Amino acid sequence: MLPTVSHGDGVWLHDTDGRAYLDGCSGAINTNLGHGVREITSRMHEQLDAVCFAYRTQFTSQPLTELSRLLTDLAPGSLGHVQYANSGSEAVETALRLATLYHAEAFRPFQCAILTEEPSYHGMTAGALAASGHPVRKHGLNPLLANQSTVAKVRPRDGELRADVEQWERAIEEIQPHNLGAVIIEPVGGASSGAVPADPAVLRRLRELADRHGFLLVADEVMSGLGRTGTWFGCDHAGVVPDVMVLGKGIAAGYAPLSAVLVRDEIATAFDRPLSRVLFGHTMAGAPLAAAAGLATVEYLIAHDIPARADRSGRHLRALLEGLAARHPVVRDVRGLGLQLALGLHADPDRTPGTSLDLVAAARAEGLLLYPTGIDARTESVMVAPPLTSTDAELEELALRLDRSLSRLTPAPATQADRLVAATH
Ligand SMILES: Cc1ncc(COP(=O)(O)O)c(C=O)c1O
């Protein structure tokens, strides 16, 4: 049985039975500023009183215009056009639609293959799920996804968790570059690999190949974007500017459903009509209330220099986690960037996912929330990704509770209910 949430306060969530939970994974790695941030809620209240909804083909709004300006200023290179959606999945769909339409517009309809990685996770809608290297979340959906025959996968070598430069090159050669519409990649993995960063050399090589062959490089920064990894964007670690950048989760930090697709000017202007009329969109996308939440969130990120803070706190938390890894043999490794971190776990080969769910259940008993990740025994892991505003004392409290949770592990298997909850994450 799930607890019933009562209220949130900073890094804490409280249930109606009076229990407090330290949010060690920012919900689904999205409540990046914690709960009850007045700068955001008061802005939302003002917007609620002014107007919640105005349709995107009839009006823009002041918060939306201002948010677009901030996002395009923050983004690297000439990512100067923004298209909004409500969720990460919808934004990924939008990016895939854009790649397909972009080549069709230039009379290259054959240039429509999409290359992605396994493991990866890009969302639950059909196109985004087809593009995901996440067999657990695709289970049973082949009849729906079989139509998405344009998607190909590149896989890591045995014993590795992400594909290397040579494997990407080989996969692109196999598809033949003139057929390739887009590569979509997570700069730092999330739900599938558990915070495994892409090799910066891979991102740089993909940039070169995209320039040479004309396919679009799409960075899925739904989880890694807007400060989570200790820089504004995950791609910044490699110094790479993608053609399309997908943002979600942290853009409104759990205060409202909002996501965005940032598009390079040269691509957005390749159409004979505005991007919004090329891509169409969703009823609620970029509506004033969500825009106000997004604007207040991004202003907070800037005013408090949150990426730099995530970098500092990430180093502190990482050191704490490495201390735990040294003492708990079930931990295979500590990985990630900034505050997008995970514990790789030694999986039970007969029960996958098993260890990660056991740890999540043990942590919940210790009043700590964690996020189970992985697609198989090799990638089984638990993400530790608290709000970017966590204080050192809160990170130390997290590590203390995690230590106790790891100590509980062996005798406390996850219940079936926990398994079901985790499987629907
Ligand atoms: C990298 C990435 N892309 C896309 C998504 C899908 O986002 P949403 O759950 O908001 O649809 C997620 C969600 O975990 C994600 O981590």
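Numbering of ligands and ligand atoms starts at 1, following listing order. These numbers come from the heavy atoms of this one structure, side chains and all, not from hydrogens, waters or symmetry mates. Since the model is a prediction, treat every value here as computed from it, not as a measurement.
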Next on the checklist: List ligand 1 atoms under 4.0 Å from M223, heavy atoms only on the residue side.
Outcome noted: 16 (O)
Checklist entry - N/O to N/O below 3.5 Å, does that happen between D220 and ligand 1? => result yes
Checklist entry - Between the side chain of D211 and the main-chain N/O of E208, is any donor-acceptor distance below 3.5 Å? => result no
Checklist entry - Do G88 and ligand 1 have an N or O pair less than 3.5 Å apart? => result yes
Checklist entry - Is E186 near ligand 1, meaning one of its heavy atoms is under 4.0 Å from it? => result yes
Checklist entry - Looking only at non-hydrogen atoms, which of P257, S89, A131, A28 approaches atom 11 (O) of ligand 1 most closely? => result S89
Item to check | Atoms of ligand 1, numbered as shown, that sit under 4.0 Å from any heavy atom of S87 | outcome: 10 (O), 11 (O)
Item to check | Closest approach of any protein heavy atom to atom 4 (C) of ligand 1, naming residue and atom | outcome: H122 O, 3.3 Å
Checklist entry - Can you check whether A365's main-chain N or O pairs, donor with acceptor, with R19's side chain at less than 3.5 Å? => result yes
Checklist entry - Got a salt bridge between R401 and E397, using NZ or NE/NH1/NH2 to carboxylate O under 4.0 Å? => result yes
Item to check | V222 neighbourhood, listing ligand 1 atoms whose heavy-atom distance to it stays under 4.0 Å | outcome: 2 (C), 3 (N), 4 (C), 5 (C), 7 (O), 12 (C), 15 (C)
Next on the checklist: So for ligand 1, is K249 a polar contact partner (N or O within less than 3.5 Å, distance only)?
Outcome noted: yes
Item to check | R137 NZ/CZ over Y121 ring centroid, <6.0 Å and within 45° of normal | outcome: yes
Checklist outcome for this item: Exactly one of R157, R170, R155 clears salt bridge (charged side-chain N to carboxylate O under 4.0 Å, His left out) with D164, and that residue is R157
Checklist entry - Any idea how H304 and Y300 line up, ring-wise: parallel (<30°), tilted (30 to 60°), or perpendicular (>60°)? => result parallel
Checklist entry - Salt bridge check: are R207 and D243 linked by an N-O gap of less than 4.0 Å? => result yes
